[in-house]
Amino acid sequence: MTSNPRPVELRYDPAAIDRKWQERWEKDGIHRVDNEDPRPKWYEMTMYPYPSGDLHIGHWYAMAPADCHARFRRMQGYNVLHPIGFDAFGLPAENAAISRGIHPHTWTMDNIANMRRQLRSIGAVYDWEREIVCCLPEFYRWNQWLFLQFYKAGLAYRGRAPVVWCPSCQTVLANEQVLNGACERCGATITRRDLEQWFLRITEFADRLLDFQGLEDWPEKILTMQTNWIGRSEGVEISFDIKEYGLETKELNTFTTRIDTVFGVTFIVLAPEHPLVEQLTAGDQRAAVADYIEQARRASEIERLSTETEKTGVPLGSYAVNPLNGERVPIYTGDYVLMGYGSGAVMGVPAHDSRDFAFAKKYGLPVRIVIAPITWDGSDLTEAYLDDGFMTNSGKYEGMTDEEGKQAIADDIEKNGWGRRTVSYRVRDWIISRQRYWGTPIPMVYCAECGIVPVPEDTLPVLLPPDAEFKPTGESPLAANADFVNTTCPQCNGPARRETDTMDTFFDSSWYMLRYLDPNYDEGPFDPDLARRWMPVDQYTGGAEHAVMHLLYSRFFVKALHDMGVLDFDEPFLRLYNQGVILGEDHEKMSKSRGNVVNPDEVVGQLGADAVRCFLMFIGPWDQGGPWSDVGIIGTARWLNRVWDLVERDPSRLDAGTLDPESVRQTQRVLHQTIRKCYNDLDQFKFNTAIAALMEFSNHLNRVWADSSVDPETWRQCAENFLLLLAPMAPHFTEELWERKGLPYSIHQQSFPAWDEGLAANDMITLVVQVNGKVRDRLNVPADIDEAAAQAQALTSPRVQSYTQGKAVAKTIYVPGRLVNLVLG
RNA sequence: GCCGAAGUGGCGGAAUGGUAGACGCGCCGGUCUCAAAAACCGGUGGGGGCAACCCCGUGUCGGUUCGAAUCCGACCUUCGGCACCA
């Protein structure tokens, strides 16, 4: 921790200026966005905050630079919509209810009221008339309506899936509530339970989600992560024969991307959750298998999939026959096989898969090489061989390359009806059911006569009842509310039960961009005319932690709604930019337990919103995040203070000085270079270097003021343009100075300055002269110097000559405008 | 573990194949002051040299190139995500 920062003696009262302009802008409604504005639209959205209580400096870090970018677009001439809202459903509200006895609604709405006030202090261009709060029925009734559209389209279905279960609290846990395999509240070892839940068929869109053609500019790393998350692999589904057991199911389906290795199968592994495990377990293995399954229910997926942890399993005592060679191989259950991927069963080929290899070694299963390594001497493998080679021990496919073998075997499998070529995805259907109170009720009814019946659209919303019990029963708190649960069937009017699960909050964030357009629209989730006008979102900003889930869900939603004819576009966000994470002064993630949390209110009151905005942008590249610094912000505050002084100076005092035409020209050059730099940097979210350029500009202006070498008109131009360039970053500060200079309100309704390439051009440059790649001299030469002249001058340099003396120059490299490199023979 | 990033002065960072360290913090020196703070001006990667200058230097090791912080390979460390935190 640093010592107390030295105070800054400001020439102005930042708190008064912040207040004055926030009130004035509010009164004038300059942030109200007119849907009919004829200028081109620009929809710039930042991920809405969860109303956790206080606005954290992390929220400022996400929102202030985003606002700066939106303001820059506005000054470029766009009609900019930059809305804000609250992601108001979710687990923390329910935890507050349990631990402090505050109703989730009260807790959430109080937090929102507080954060709304704090958000205003940022001075952003939010149009508050468009604010959304998704725990209110005006919002969530449309979640319900949308769910029903997914249901009608066959994209919502009911199925079984495991949830984390605390046997002691008798409740479902979120992964976050599990610490080292134990319930965070009571410490009991967790297990998993299968429940009937609602799924959305995102897998049906897997291929389309892999197509990024419709996106304009997303970070490459996010596209890679989405691609890997979806995890498309082409392979073959092949059935092993189990008809010897006389079960209803005669075949065991496995999926493999390496069908060329099918002659190397020496065992089969089923996921512990596989439906056939029970039927295929022999009498004497029942106890061992049951124990193993119970153990697997405690393990997380990360543990199960780790290539470090030992691969374990238990033989079921039954066998399956490989259709290609008629071999009978043992069936195991093992937790490294997941039910959610492929068919939940793998053919074990230890010679050519590392996990299978580890498994076979542990259980003494044979390892049969069927793809011969090119330089193979016939000896045993010490690890699985994964590369190319020729087929061996493989019947009639002997001698083919593995690629040829793949095709030939797949052809024969399809011809004989043993299986088919297919595509598998790592991505799984999206489970939206949550056994919780604080979420959108899923609008379905269960009737003994009619089965699953959707709630009719014209009776929405299904309101979340205000009275709920939060005692742990293992069911959603809604299940204990008889008034809510008991209803009549919309079809037969007989007695029926409501669905008591609520929706995942990612449901809300999948379409909230549409609701901002008119949060009060009551004929549908959004106004279709406004959607045509504003959608898709031009620029989205937010944390990279949403790379795969939220951003994939939202893309899926929009594609599904497009197919239903609800939307006429199929990507929600054309451009994406991810900011990094702001860290505490100790370079650690901010957390209450570390005590390194920065409260923005205090520093905003002291130094002003603009000093905080500028400092957050100046710390470093926005996408990389960085540490807060109580001392560092002093530098930014001091700089704004110097800018105040600079802009407030009376240019007529320069009349007394000695005008230097070269200084005037240089000052114009710096002005135009700065405009160009700011324009390009703000365009690309490079706020830190834009501010550094403005700092250099202010340093330059100070120097020319000190020697009075420029005329008042040049000075005036520089000062005005300076304010315009700084306006997106420091909106209150620049508005105040703009007014004090008598310029027309509002600076934020002015155009961003334009630069002149001619005036920005340098006429002299520093030419670097290298000898064998080492810098030996720097020459000041005209910018348009040609190669011959540059070389000639380089050779006349005495410093260079001391290195080249007596040696022949074998080669000369010339980079125009930069350097001459003399390579000696 | 798997997927994705990032490592540069005392600190935040700049430079994305061509002058390493822009800009800022901190520190040192100066101006002003009775003094201090603030403000303003100057200096500031490490080592050597009276100096001109020279050598070293971008996580580690190796490679490509006239030239590498930047490109390639291996490794180390830190961070984000891994499907119920949002």
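Worth saying up front: this structure is predicted, and the values here are computed from it rather than measured. All chains are named by letter (A, B, ...) in the order of the sequence lines, taking the proteins before the strands, and each is independently numbered beginning at 1. All heavy atoms count here, side chains included; hydrogens, waters and symmetry mates do not.
- Of all nucleotides present, none satisfies the Watson-Crick or G-U wobble test against G9(B) with each distance under 3.5 Å.
- Y336(A) has its ring centre less than 6.0 Å from the ring centre of F359(A).
- Aromatic ring orientation, W438(A) versus F89(A): perpendicular (interplanar angle above 60°, classes split at 30° and 60°).
- Checking G17(B) for Watson-Crick or G-U wobble geometry (two distances, each under 3.5 Å) identifies no partner in any strand.
- Of the listed nucleotides (C84(B), C25(B), G81(B)), C84(B) has the atom at the smallest distance from the side chain of R436(A).
- Searching all strands for a Watson-Crick or G-U wobble partner of A74(B) with both distances below 3.5 Å returns U60(B).
- U65(B) is unpaired under the criterion used here, namely a Watson-Crick or G-U wobble arrangement in which both key atom distances are under 3.5 Å.
- With its glycosidic angle within 90° of 0, G9(B) is assigned syn.
- Between M225(A) and K774(A), the residue anchored closer to the 5' end of RNA chain B is M225(A), taking for each the nucleotide with the nearest heavy atom.
- Among the heavy atoms of the strands, none lies under 4.0 Å from D623(A).
- The nucleotide whose nearest atom lies closest to any side-chain atom of E696(A) is, among A22(B), A5(B), G12(B), A22(B).
- When heavy atoms are screened at a 4.0 angstrom cut-off, Y803(A) is found touching the sugar-phosphate backbone but no base atom.
- G1(B) is paired with C82(B) under the criterion used here, namely a Watson-Crick or G-U wobble arrangement in which both key atom distances are under 3.5 Å.
- Nucleotide U33(B): unpaired (no Watson-Crick or G-U wobble partner with both distances less than 3.5 Å).
- The distance from atom CZ of R434(A) to atom P of A83(B) is 11 Å, rounded to the nearest whole Å.
- Between F557(A) and F507(A), the distance from one ring center to the other falls under 6.0 angstrom.
- With a cut-off of 3.5 Å on both pairing distances, the Watson-Crick or G-U wobble partner of G26(B) is U44(B).
- For W218(A) and Y577(A), the ring centers are positioned 6.0 Å apart or more.
- Ring planes of W622(A) and F687(A): perpendicular class, angle over 60° (limits at 30 and 60°).
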